[in-house]
Amino acid sequence: MNFWLLKSEPGNYSIDDFAREKATDWTGVRNYQARNFMKEMEVGDLALFYHSNAEPPGVTGIAKITSLAKPDRFQFDRKSPYYDAKATRDSPIWFCPDIAFVEKFDDIVSLSALRASAKLKEMGVLQKGSRLSVLPVSKAHFSEVLRMAGARSKV
DNA sequence: GCCAACGTTGGC
DNA sequence: GCCAACGTTGGC
């Protein structure tokens, strides 16, 4: 079992939207490295749900991976901002898994709180220049964020 | 294959 | 709104 971090701009799709919908497919990621991480995801993996471009930015909850990565439907949709003219049904370019809502934290674990933690110094999302919207997280870092959040979920 | 120009991300 | 970091594009 692996652990991940998924960024979302709450203006686009927030933890509250996710809590309401219960499940979604993680479409719209258009970065090869992020895509490759999604292809590594397995059913049952857990992910930190992170608000970027938010006030404050930080981890707001937990998601569970419920399918292997499959073709992102918007790459074929000419009207979508995520349309990719180079993608075809026979050879799709972009893939994403289904995810299910697990929990919303009572309080956000803000980016500044993450940065203040000595135990999280090496966490990928905190490294300089890390703009990837999908990142692997170690089990130790994942558990520490859950501890900081007072999460109901345990790992 | 180099690299300048350009676009995007995302914290601040 | 600024801008650093970094990915992508396309001319050569």
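Chain letters run A, B, ... following the sequence lines, proteins first, then strands; residues in each count from 1.
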Listed pairs under 3.5 Å, donor-acceptor, residues 46-60 of chain A side chains, sequence neighbours left out:
| residue | atom | partner | partner atom | Å |
| --- | --- | --- | --- | --- |
| His51(A) | NE2 | Ile15(A) | N | 3.0 |
| Asn53(A) | ND2 | Glu9(A) | OE2 | 3.1 |
| Thr60(A) | OG1 | Phe49(A) | O | 3.2 |

- Do Asp72(A) and Met38(A) touch side chain to side chain, with heavy atoms closer than 4.5 Å? no
- Heavy-atom distance under 4.5 Å between the side chains of Met41(A) and Leu68(A), does that happen here? no
- Query: Can you give the first and last nucleotides of DNA chain C, 5' to 3', that have an atom under 4.0 Å from a heavy atom of chain A?
  - Reply: dA5(C) to dT8(C)
- For Asn36(A), check side-chain hydrogen bond (donor to acceptor under 3.5 Å, both in side chains) against everything at least two apart and list the hits. none
- Task: Decide if the gap between the ring center of Trp26(A) and the ring center of Phe95(A) is smaller than 6.0 angstrom.
- Result: no
- Query: In terms of the nearest nucleotide of DNA chain C, which residue is placed more toward the 5' end: Arg131(A) or Asn53(A)?
  - Reply: Asn53(A)
